[in-house]
Number of protein chains: 2
Amino acid sequence: MISEEEMQIWHMWKSSYTNIFGRVVKDMFEQTGLSEGDFGILDRLDLYGKGKLRQQELADSMDWTKSRLSHHLTRMEKRGLVLREPLETERGVQVITTSAGKSALNNARPVVSVAIREHFLELLTEQDIDSITNLAERAKAKS
Amino acid sequence: MISEEEMQIWHMWKSSYTNIFGRVVKDMFEQTGLSEGDFGILDRLDLYGKGKLRQQELADSMDWTKSRLSHHLTRMEKRGLVLREPLETERGVQVITTSAGKSALNNARPVVSVAIREHFLELLTEQDIDSITNLAERAKAKS
DNA sequence: ACCTTGCGGTTGACGTGTCAACTATGATAT
DNA sequence: ATATCATAGTTGACACGTCAACCGCAAGGT
């Protein structure tokens, strides 16, 4: 069993995340039309693959299941942000950023920066950063 | 703009939450068949209303929109966990926990405790608890 | 050659959330 | 009494995620 105080910690932790993350995502969506997922995908295509990546690599780098990615790409393809092309050398699919995707990404970068700074980084003390770093370490090790 | 390190903090923070929260939710669902939302609703009905609550109060206490709650209750009603009854004295709807709902809740409490302890509390130092508390304060103030 | 295995990806069903539009009803002002 | 307004709740469309079942294709073993 868990004490009332411990349960409070849990609730505070959840609501902090929900609030902050929600604000960042909302700003981004309102100002750029991109969701977190959209941004993550375009970002990785740009950084790791200069605009192209194999679907499976992409899924791995985002820690997403192939199903989740497949669904998401279907939606993004419909909006003209990316397109899919079969690989010639081996089986599998290349995901390619369209020019619309590129400009959406470039558009979004500064917006995302500002939102993260304003809604998240601004709130953090040095100690918080320590905690976040350490907790991330311990949380990852578990998996 | 944001430095590489700052972006790392953001990513670490997101993935810690996703990992930990995901583990808790998964344990709960696998062992009790309840989602976070289900549990939250049944919990509040029990604590604040001895099994009954007006829909709007419930929504407020969970920080959910009425729409979100309405959708969720529709699903829970279908599964026999709660039922809805119009108020006689005023307009509005009473949400009532069924006996199936009650036993699901009692069933779930210890499971939730264990999961939160194992996946979350175990990972925390005193300093982390401080940080969580303070950040929650600052994150709430903003809204 | 044939069969199995595993990888890469898609699909459909369903739970979850948001948003905007809608209905209905109580409260308030004139 | 009537018009207006706010509150309570529902609904439909759609984005997002998970899960399990499925398809197609390479690689290896026999």
**Request:** Measure the CD1-CD distance between Ile96(B) and Glu85(B) for me, rounded to the nearest 0.5 Å.
**Result:** 4.0 Å

**Item:** Electrostatic pair Asp38(A):Arg75(A) at N-O distance under 4.0 angstrom
**Value:** no

**Set of residues satisfying side chain to side chain donor-acceptor pair (under 3.5 Å) with respect to Gln31(B), sequence neighbours excluded** = none

**Asked** At their closest point, which heavy atom of Thr65(B) faces which heavy atom of Arg68(B), and how far apart are they?
**Response** OG1-N, 3.0 Å

**Prompt:** Contact class for His71(B) (heavy atom, under 4.0 Å): base, sugar-phosphate, or nothing?
**Reply:** base

**Request:** Taking side chain to side chain donor-acceptor pair (under 3.5 Å) as the test, write out the residues that go with Thr125(A), two or more places apart.
**Result:** Asp128(A)

**Prompt:** Among residues 95-116 of chain B, which residues get a heavy atom nearer than 4.0 Å to DNA chain D?
**Reply:** none

**Asked** Do any pairs count as a salt bridge (charged side-chain N to carboxylate O under 4.0 Å, His left out) and have a residue in residues 97-108 of chain B, sequence neighbours left out, and if so which ones?
**Response** none

**Prompt:** Base, sugar-phosphate alone, or nothing: which one does Arg75(A) contact when heavy atoms must sit under 4.0 Å apart?
**Reply:** base

**Sequence-distant partners of Asp43(B), side chain to side chain donor-acceptor pair (under 3.5 Å), two or more places apart** = Arg109(B)

**Within 6.0 Å of CZ in Phe21(B), more than 12 heavy atoms from elsewhere** = yes

**Message:** Consider side-chain contact (heavy atoms from CB on, under 4.5 Å). Of Leu87(B), Asp60(B), Leu73(B), which one does Gln55(B) pass it with?
**Reply:** Leu73(B)

**Asked** Can we say Glu57(A) and Arg44(A) salt-bridge, meaning some charged N sits less than 4.0 Å from an Asp/Glu carboxylate O?
**Response** no

**Protein-nucleotide distance (Lys78(A), atom NZ; dT11(C), atom P), rounded to Å** = 10 Å

**Request:** Rounded off to whole Å, could you give me the NE2-to-P distance for the His72(B) and dG15(C) pair?
**Result:** 10 Å

**Prompt:** Could you state the interatomic distance from CZ (Arg117(B)) to CG (Leu124(B)), rounded to the nearest 0.5 Å?
**Reply:** 10.5 Å

**Prompt:** Does any N or O in the side chain of Ser16(A) come within less than 3.5 Å of the main-chain N or O of Ala139(B), such that one atom is a donor and the other an acceptor?
**Reply:** no

**Item:** Contacts of type salt bridge (Lys or Arg N to Asp or Glu O under 4.0 Å), residue Glu4(A), not counting sequence neighbours
**Value:** none

**Fill in**
Under a 4.0 Å heavy-atom criterion, the protein footprint on nucleotides 24-29 of chain C, written with B, S and -, is -BS---

**Message:** Please determine whether a side-chain nitrogen of the Lys or Arg among Glu90(B) and Arg54(B) lies less than 4.0 Å from a carboxylate oxygen of the Asp or Glu.
**Reply:** yes

**Message:** How close do Ile129(B) and Ile9(A) get, counting heavy atoms only, and between which atoms?
**Reply:** CG2-CD1, 3.3 Å

**DNA chain D contacts made by residues 56-68 of chain A, counting heavy atoms under 4.0 Å** = Ser67(A), Arg68(A)

**Item:** Estimated bend of the helix from dA1(C)-dT30(D) to dT30(C)-dA1(D) (axis per five terminal pairs, rounded to 10 degrees)
**Value:** 10°

**Prompt:** Where the side chain of Ser15(A) meets the backbone of His11(A), is there a donor-acceptor pair that is under 3.5 Å apart?
**Reply:** yes

**Request:** Return each pair, listed once, that meets ring pair (Phe, Tyr, Trp, His ring centres under 6.0 Å) where at least one residue sits in residues 40-64 of chain A; pairs must be two or more places apart or across chains.
**Result:** Trp64(A)-His72(A)

**Message:** So that I can tick it off, tell me whether Glu36(B) and Lys14(A) are bridged by a salt bridge, with the cut-off set at under 4.0 angstrom between side-chain N and carboxylate O.
**Reply:** yes

**Prompt:** On DNA chain C, nearest-nucleotide positions of Leu73(A) versus Lys26(A): which is more 5'?
**Reply:** Leu73(A)

**Request:** Could you identify which residues of residues 32-44 of chain B place a heavy atom less than 4.0 Å from some atom of DNA chain D, listed by residue number, or say none?
**Result:** none

**Message:** Students often get this wrong, so: under 4.0 angstrom with heavy atoms, is Arg79(A) touching a base, only sugar-phosphate, or nothing?
**Reply:** nothing

**Message:** For a 4.0 angstrom threshold against heavy atoms of chain A, report the outermost contacting nucleotides of DNA chain D in 5' to 3' order.
**Reply:** dA15(D) to dC25(D)

